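Scope of the values below: all heavy atoms of this structure, side chains included, with no hydrogens, waters or symmetry mates. Keep in mind that what you see is a predicted model, and the values were worked out from it rather than measured. Here is the naming used below: chain letters follow the sequence lines, and residue numbers restart at 1 for every chain.
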Amino acid sequence: MDSNEVFLQIPMLPNMELAATETAHRVAEFMQFDPDKIDEIKIAMIEGIINAFEHSQSKDKTVYIKFLMRGDELEVTIQDFGHGFDLDSAKKEPEQLRKRGHGLNLMEGLMDRVDIYATPNGTKVIMVKRRHSSDE
Amino acid sequence: MDSNEVFLQIPMLPNMELAATETAHRVAEFMQFDPDKIDEIKIAMIEGIINAFEHSQSKDKTVYIKFLMRGDELEVTIQDFGHGFDLDSAKKEPEQLRKRGHGLNLMEGLMDRVDIYATPNGTKVIMVKRRHSSDE
Amino acid sequence: MADVFKVTTRMEGKYAILYTEGYINNLAGDKIVEEFNQLVAKDVKHYVLNLQKTQLVNSIGISILIEVIEKVQEIGGTLAFCHLTPIIAKTFKIMGLTQYSKVYDTEEDALKN
Amino acid sequence: MADVFKVTTRMEGKYAILYTEGYINNLAGDKIVEEFNQLVAKDVKHYVLNLQKTQLVNSIGISILIEVIEKVQEIGGTLAFCHLTPIIAKTFKIMGLTQYSKVYDTEEDALKN
Ligand SMILES: Nc1ncnc2c1ncn2[C@@H]1O[C@H](COP(=O)(O)OP(=O)(O)O)[C@@H](O)[C@H]1O
Ligand SMILES: Nc1ncnc2c1ncn2[C@@H]1O[C@H](COP(=O)(O)OP(=O)(O)O)[C@@H](O)[C@H]1O
């Protein structure tokens, strides 16, 4: 393993997503991200992880998380080996005050880039946050 | 992976031990350990991890941590692939107000059981904390 | 970070001010609904949610808050938020909450309006 | 948990009360020594370390506090701790600190003695 990578495997158990957000916190702090950006990464990660908890139905009941520190960028990969889903039908337009179905929007709204690879063998969400975003 | 295991691999970078203690926190909280016991686990883990950071000289600059939830017991394994050390000479009697050399004592004082396997291929510290310790 | 989520209420005039502490996930959302239901039973119609001690939320927890907003609208009441961290404010905006309930910086501002 | 370690000082009579906030590791220990050196230069001899806002320590950080204790002894001063969490108190005991400096529950107690 390179010293710019962190791996975490968490079981699908209550609040275990917070182990991942705290790991993100340490990594992003080491990379000198500012506190608001760290919170954005954390909330985006929570959404990715609870989606795997709630929807993946993976048999190993595990979420695999990788942090890659790449210069100014932090790349976070959240992976499960569940049944995947159809991205196009999941990404429907948000209704007015729609209760659920905001997770994917939140990830995209809070991170600089989000790529989702969903197959019948599982889902992989790759999210990137830059220390200095262009939109700020 | 069983759903009663958590894995974490952290690079030897400043404060990365806190990613591990926060993971421990979530795991121990899930197991309903009381807050003082959680703090004991955290400080013991910090000592095991900073020892690997400071002394192991491992080439992959990585510490491998495993949490195993086993009924009433939490088992934490902290492993590095450095050069190991001689346990007997490391465990010398504490001098009066000795500045350094308290890490191993602390782990033993704070956990219910500590087993250390040190070889020229690395060090593995296995620490166990019970939810209801006999000494309390 | 607060480990166990807590919600406490203080009354000020016709307002119930709910203080949250900790991560707002589904369980926390349920606790808020419980507290809220007790207040509705006491005929309280105006609510302020002070999130000063909440750093993290998830969309399931927030979806439960949306249900609370709907209920308040049904009984002809008001619900405002205050003391959101910048990122929780952003999260609310992305989720469309800010269209349906007001967000104030401070509790004072929330009570004045 | 406080993310960046901080130490601040308040004078009360002949006492300097140092408040720590956050994880006491080696860097935090160095910050405490720096603060302490400035106070020694101002001829302060009596110290209270209030650790109320510190939840975690490591043995490297504490070994630096031991150096501070030694220096205080050299200048004929006193150093007491207060507001330790039960587990930090236990850690200090295992490391032998409690033999060399007193530990009080509250700041008041530390200043009275
Ligand atoms: N890891 C995953 N595994 C399987 N399905 C998923 C996963 N992540 C998202 N989905 C699907 O995408 C949909 C939309 O997700 P999201 O926007 O987070 O909203 P919500 O979780 O509230 O339904 C989910 O309802 C689910 O069907
Ligand atoms: N993971 C490790 N790899 C190599 N040597 C180690 C490791 N852990 C401990 N040691 C050795 O054991 C000694 C005692 O460790 P410890 O009691 O924690 O005190 P300290 O770290 O303050 O020296 C260290 O000085 C070091 O020589």
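- Listed in order of number, the residues of residues 74-81 of chain A that approach chain C to under 4.5 Å between heavy atoms amount to none.
- The backbone N or O of C:I87 sits nowhere less than 3.5 Å from a side-chain atom of A:E40 that would complete a donor-acceptor pair.
- Note: C:S59 OG to A:L104 CG = 9.0 Å, rounded to the nearest 0.5 Å.
- Under the rule for a salt bridge (charged side-chain N to carboxylate O under 4.0 Å, His left out), the partners of A:E73 that lie at least two apart in sequence or sit in another chain are A:R70, A:R130.
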### Task
Go through A:H102 and C:I94 one step at a time and tell me if the side-chain contact (heavy atoms from CB on, under 4.5 Å) criterion holds.
CA-CA 8 Å; A:H102 291 282; C:I94 297 171; 5.8 Å; no

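- With a 4.5 Å cut-off on non-hydrogen atoms, A:L106 touches chain C through its backbone and its side chain both.
- More than 12 heavy atoms of other residues, nucleotides or ligands shown are found within 6.0 angstrom of CG on A:D115.
- Contact tally against chain A (heavy-atom pairs below 4.5 Å) for C:I62, C:I60, C:T85: the top residue is C:I60.
- The line from CG of A:N15 to OH of C:Y23 is 6.5 Å long, rounded to the nearest 0.5 Å.
- Counting heavy atoms from C-beta on, the side chains of C:L56 and A:L18 come closer than 4.5 Å.
- Heavy atoms closer than 4.5 Å to chain A are found in the side chain of C:N25, but not in its backbone.
- Between A:N105 atom CG and C:M95 atom CE the span is 9.0 Å, to the nearest 0.5 Å.
- Contact record, C:N58 with A:E17: ND2-OE2, 4.3 Å, taken as the closest heavy-atom pair.
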